[in-house]
Amino acid sequence: MVFKRRKKLTPLIWLARSLWPKGGWHRAALYLQHRLHRLPDTPQTISRGVFAGVFSVFTPLFGLHFLVAYILAKLMRGNVVAALLATFVGNPLTYVPIGVVSLKMGHFILGTEFDHVNERSFMGKFIDAADDFWLNFLTVLSDVDANWDALIRFFYEVFLPYLVGGIVPGVVAGLVGYYVTLPMITAYQARRRKKLKVKLEKLRKKAHAG
């Protein structure tokens with residue numbers, strides 16, 4: 001196959017690339033900026049797409065951020081490609097601070113509290129919920145009664161606070177992304193139009209001279 005990797009990535013290399021992409025995060029950011037510049041749409045539409053993509057990263061729907069970004073971009077009449085590119089903001093280096101801020105904000109809004117001392121940690125609750133889901137799936141094939149306690153606890157102590165708490169920082173981060181990309185893309189497209197106009201003028205003069 002033409003696009004098949006010559007050398008398969010090992011799990012360790014894949015993890016390393018997730019934490020630090022080839023060429024570094026600076027190069028990855030420049031690539032993202034270059035792709036946004038090249039999108040054939042208005043600056044406002046592209047920036048709305050960026051807002052949708054950045055906001056989606058602040059939701060607890062891990063693995064579905066592309067889908068969330070796509071739906072939000074459609075609802076906001078934003079550029080879908082820009083939205084998908086903007087989910088790049090979510091990566092192994094940013095998910096931890098995003099999760100901490102979203103959880104704390106969510107518990108504050110809901111008037112609840114995450115007990116780190118007497119209860120399981122965030123990762124522990126996540127593992128318990130996954131175990132619940134898997135074990136209860138297996139009960140379909142047996143006579144054992146299903147028990148959803150860990151999954152319910154995960155929903156109320158982690159998922160719901162994360163979902164609610166991610167709205168405020170998600171909107172703020174999305175607006176920052178919008179107002180940063182809007183003038184940047186506007187200026188780029190203006191320069192590009194100017195260069196194209198100059199080029200067409202030269203071609204016109206050359207045609208008249210001939």
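Note that the coordinates shown come from a computational prediction; the quantities given were computed from them, not determined experimentally.
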- Message: Checking Phe66 now: which residues fulfil side chain to side chain contact (heavy atoms under 4.5 Å, CB included) with it, not counting sequence neighbours?
- Response: Leu84, Thr87
- Message: Is any side-chain heavy atom of Arg48 closer than 4.5 Å to one of Asn79?
- Response: no
What side-chain donor-acceptor pairs closer than 3.5 Å can you find for residues 171-184, not counting sequence neighbours?
{"unit_1": "Thr181", "atom_1": "OG1", "unit_2": "Ser47", "atom_2": "OG", "d": "3.2"}
{"unit_1": "Thr181", "atom_1": "OG1", "unit_2": "Gly177", "atom_2": "O", "d": "2.8"}
{"unit_1": "Thr181", "atom_1": "OG1", "unit_2": "Tyr178", "atom_2": "O", "d": "3.2"}

- Applying side chain to side chain contact (heavy atoms under 4.5 Å, CB included), name anything that partners Ala52, two or more places apart in sequence or on another chain. Leu72, Ala73, Met76, Ala83
- Query: side chain to side chain contact (heavy atoms under 4.5 Å, CB included) with Ile98: which residues, sequence neighbours excluded?
  - Reply: Val57, Phe58, Thr94, Ser102, Tyr162
- Is a side-chain N or O of Asp41 found less than 3.5 angstrom from the main chain of Leu39, in a donor-acceptor match? no
- Message: Same cluster or not: Leu93 versus Val101, using hydrophobic residues (I, L, V, M, F, W, Y) connected whenever any side-chain heavy atoms lie under 4.5 Å apart?
- Response: no
- May I ask you to decide if the ring planes of Phe62 and Tyr95 are parallel, tilted or perpendicular, using 30° and 60° as cut-offs? perpendicular
- Message: Has His65 got a side-chain atom pairing as donor or acceptor with Thr59's backbone, closer than 3.5 angstrom?
- Response: yes
- Is it true that Val100 and Leu160 fall in one hydrophobic cluster, defined by side-chain heavy atoms closer than 4.5 Å? no
- Note on the structure: On a heavy-atom basis, the closest approach of Met105 and Pro169 is CG-CD, 4.5 Å
- Query: Under a 4.5 Å side-chain heavy-atom rule over Ile, Leu, Val, Met, Phe, Trp and Tyr, are Val80 and Leu75 clustered together?
  - Reply: yes
- Counterpart residues, ring-ring contact (aromatic ring centres under 6.0 Å, His included), relative to Phe159 (two or more places apart): Phe155
- Query: Which residues pass the side chain to side chain contact (heavy atoms under 4.5 Å, CB included) test with Arg193, sequence neighbours left out?
  - Reply: Gln189, Ala190
- State, with a plain yes or no, whether a side-chain heavy atom of Tyr70 is found less than 4.5 Å away from one of Lys74. yes
- Note on the structure: Smallest heavy-atom separation, Glu157 atom then His107 atom, equals O-NE2, 3.0 Å
